[in-house]
Amino acid sequence: MLLNPLRRNPPPRAGIPVAAGSFPAVGHLPALIPSMLRFIREQEARLGPLFWVNRGFGDHALMVLGEPAFELLANKVTRSRDGIEVLAPMMGESMILADGPAHRRMRGAVARTFSPKGLGGANAGRTMATIIEDRVARWEGTKRLKIVPEARELALDVIFAIVGVPVDENAEWRRRYDSFLLGFLNLPTGIAGSPRWRSQRARRWIDARMENIIERAAAASSADLVGGMVQGRDDEGRGLTHQELVDNLRLLLFAGHETTATVIAWMGYHLAADPDLWERLLAEVGPETPLPTTSADLDRFPFALGLFREALRLHSPVGLIGRKVAGELELQGKRIPEGTSVMVCVADLSRDPERYEDPDQVRPERWMKDRVRAGSLETVQFGAGPHFCLGYHLACLEGVQFMVAFASSLQRRRLRLARRSLPSSIEYPLARPSARAVLELERV
Ligand code: HEM
């Protein structure tokens, strides 16, 4: 792990210790990017559950570990506007940057649409199943599957279908969307051709089409997810403004694909790393098993759902969740000033040895015993509190649909995954496996 030997004992800030080993300019990024969890655990052993981390260019955030961290996500003393300078041009007035009454109104208006019942009514499960089966069928001729880019394209196609993009426009949307993502680099210049300029141009392209999609859904009172968002009202009869609809649909593109794609790729790698997992999946999924299309259908796939939860727990795509302190806050007897960036380490909570026996091992059965209902600590990979992932039910369904489609297709072709070790990965800012690693398929 790369730490600066000249900064072994940096002086404390505001009476709180600073993690060792930051470099000029890049801060702790050289340790965070490849090995965030190890770095945090080593610092915790030296400094305790509260310490500063330099996220690069002097941007210090307070790492808060253990149960108090969990309370921060309730947003009673914090707000969601950490990193707003980078996020606002990308996320606009969407719910992920809103707090208090504005957030409650938006969530209230769309919550029913994203519930298991709402998803069923909008036929979302069937829409996703068609896209997933189609994508898996396209792998038929291949023996070497580049699962990371493939899972990404799959997850993007799924979310495009969910927000009503016509299938024949997917390739163009993917291209524009990749340009849009350049905005996260947050490079200062906006001159023609620069990443920021390309991102803004792509955003205008996406938004113009989102507006058409919204108009069509409103005119036709359509029963799909976009229709649900357009017509959705909270308990006081208030809905989303036109701009909020555009911003939230754009948010769905981002929130709904990178995360799911990562988990899909990790499930593939774990199945290849442990033949026993593959055999247990085949005990649940035959060559012609139909895909689940509703949350209730997931009861038929306890092993696949358990494996999805384990891949998510071990490789949470969102390893850290940031917040801004919004008022008086005291942690470990220390007063934390208003405006401080705080970070909750989901990756650490997910592998807590007090909560999980053998926390580093894949054990789908953890989730299968007596059909355990996952509590808020067990689903922390989806956040907690008012911003808990809106796409939770959709993501669980998509993950299981993928596994059923994949296992069925391989059986029909009399193939299985060749054994391989888990690939290298990066852990920050979003955790993901190396895009170069492939899954090899071999004859049974
Ligand atoms: C495995 C897949 C997924 C993971 C791990 C995940 C994780 C998360 C996390 C950690 C948050 C909370 C962020 C915060 O508190 O700041 C969140 C929020 C959100 N997610 Fe997901 N997500 C996943 C899939 C999806 C999907 C498929 C969709 C939509 C189709 C989606 C839509 C959203 C939205 C809209 C929010 C913001 C909610 C709010 O601010 O009230 N997510 N997600």
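The first residue in the sequence is number 1, and the count goes up from there.
The aromatic rings of H315 and H270 are tilted relative to each other, their planes meeting at an angle between 30° and 60°. In this pair, F406 and W278 present their aromatic rings perpendicular. The plane angle is above 60°, beyond the 30 to 60° band.
Counting heavy-atom neighbours within 6.0 Å of R107 CZ, excluding the residue itself, gives a total above 12. Heavy atoms from other residues, nucleotides or ligands lying under 6.0 Å from CZ of R126 number 12 at most. More than 12 non-hydrogen atoms from other residues, nucleotides or ligands lie less than 6.0 angstrom from CG of D276.
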Steps toward side chain to side chain contact (heavy atoms under 4.5 Å, CB included) verdict (V18, N9):
CA-CA 8 Å; V18 178; N9 293 303; over 6 Å; no
Check the pair D274 / V362 against side chain to side chain contact (heavy atoms under 4.5 Å, CB included), numbers first and verdict last.
CA-CA 9 Å; D274 183 348; V362 189; 5.9 Å; no
Stepwise side chain to side chain contact (heavy atoms under 4.5 Å, CB included) test for R112 and K117
CA-CA 8 Å; R112 268 187 287 275; K117 199 169 162 201; over 6 Å; no
So M368 and F303, side chain to side chain contact (heavy atoms under 4.5 Å, CB included) or not? Walk me through it.
CA-CA 7 Å; M368 296 163 69; F303 179 80; 4.1 Å; yes
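The distance from atom CZ of F402 to atom CE of M267, rounded to the nearest 0.5 Å, is 6.0 Å. The distance from the OG atom of S421 to the OH atom of Y269 is 10.5 Å, given to the nearest 0.5 Å. Rounded to the nearest 0.5 angstrom, L225 CG and L252 CG are separated by 8.0 Å. One finds the CG atom of L331 at 11.0 Å from the CG atom of L65 (value rounded to the nearest 0.5 Å). The OG atom of S316 lies 12.0 Å from the CH2 atom of W266; values are rounded to the nearest 0.5 Å. Here the OG atom belonging to S35 is positioned 6.5 Å from the CD atom belonging to E427, to the nearest 0.5 angstrom.
Proximity of a side-chain donor or acceptor of R420 to a complementary backbone N or O of V438 within less than 3.5 Å is detected. Put simply, the side chain of T379 never gets that close to the backbone of F382: no donor and acceptor are under 3.5 Å apart. Judged by distance alone, the side chain of S350 and the main-chain N or O of V346 form a donor-acceptor pair under 3.5 Å. Under the 3.5 Å distance criterion, the side-chain polar atoms of D224 are left unmatched by any main-chain donor or acceptor of N123. No donor-acceptor pair under 3.5 Å is formed between the side chain of T78 and the backbone N or O of A74. Side-chain atoms of S199 come within 3.5 Å of backbone atoms of F180 as a donor-acceptor pair (strictly under, hydrogens ignored). Under the 3.5 Å distance criterion, the side-chain polar atoms of S222 are left unmatched by any main-chain donor or acceptor of A218. For H60 (side chain) and R13 (main-chain N/O), no donor-acceptor pair under 3.5 Å exists by modelled atom type. Judged by distance alone, with hydrogens and angles left aside, the side-chain atoms of D99 form no donor-acceptor pair with the main-chain N or O of R79 at under 3.5 Å. No donor-acceptor pair closer than 3.5 Å links the side chain of R309 to the backbone N or O of L305.
Geometrically, R351 does not engage Y356 in a cation-pi contact, judged by NZ or CZ lying under 6.0 Å from the ring centre and within 45° of the ring axis.
Less than 6.0 angstrom separates the ring centroid of Y177 from the ring centroid of H257. In this structure, H28 has its ring center under 6.0 Å from that of F39.
Checked for salt-bridge contact, R250 and D247 meet the test: a charged N lies under 4.0 Å from a carboxylate O. Classification of D234 and R104 as a salt-bridged pair fails, no side-chain N sitting under 4.0 Å from a carboxylate O. Salt bridge E244/R105: present, at least one basic N to carboxylate O contact under 4.0 Å. In this structure, R366 pairs ionically with E310, as a charged nitrogen and a carboxylate oxygen lie closer than 4.0 Å. Salt-bridge formation is not detected for the pair R313/E378: no Lys NZ or Arg NE/NH1/NH2 atom is positioned less than 4.0 Å from an Asp or Glu carboxylate oxygen. Using a cutoff of 4.0 Å between basic side-chain nitrogens and carboxylate oxygens, R280 and E284 are not scored as salt-bridged. Contact check on R174 versus D157 returns a salt bridge, with a Lys/Arg side-chain nitrogen under 4.0 Å from an Asp/Glu carboxylate oxygen.
I214 has its side chain within reach of L249: a pair of non-hydrogen atoms, C-beta onward, lies under 4.5 Å apart. Contact annotation: the side chain of L37 approaches that of D348 to within less than 4.5 Å [non-hydrogen atoms, C-beta and beyond]. Counting heavy atoms from C-beta outward, V64 and L72 have side chains that approach closer than 4.5 Å. Contact of the V263 side chain with the F308 side chain is registered, since non-hydrogen atoms from C-beta on lie closer than 4.5 Å.
Side-chain contact of N75 with S80: a donor-acceptor pair under 3.5 Å is present, judged by distance alone. For the 3.5 Å distance criterion, the side chains of R203 and Q200 fail to qualify, holding no donor opposite an acceptor.
The side-chain hydrogen bond (donor to acceptor under 3.5 Å, both in side chains) pairs that include a residue from residues 325-347 are R55-S341, D82-S341, K324-S341, where partners are two or more places apart or lie in different chains.
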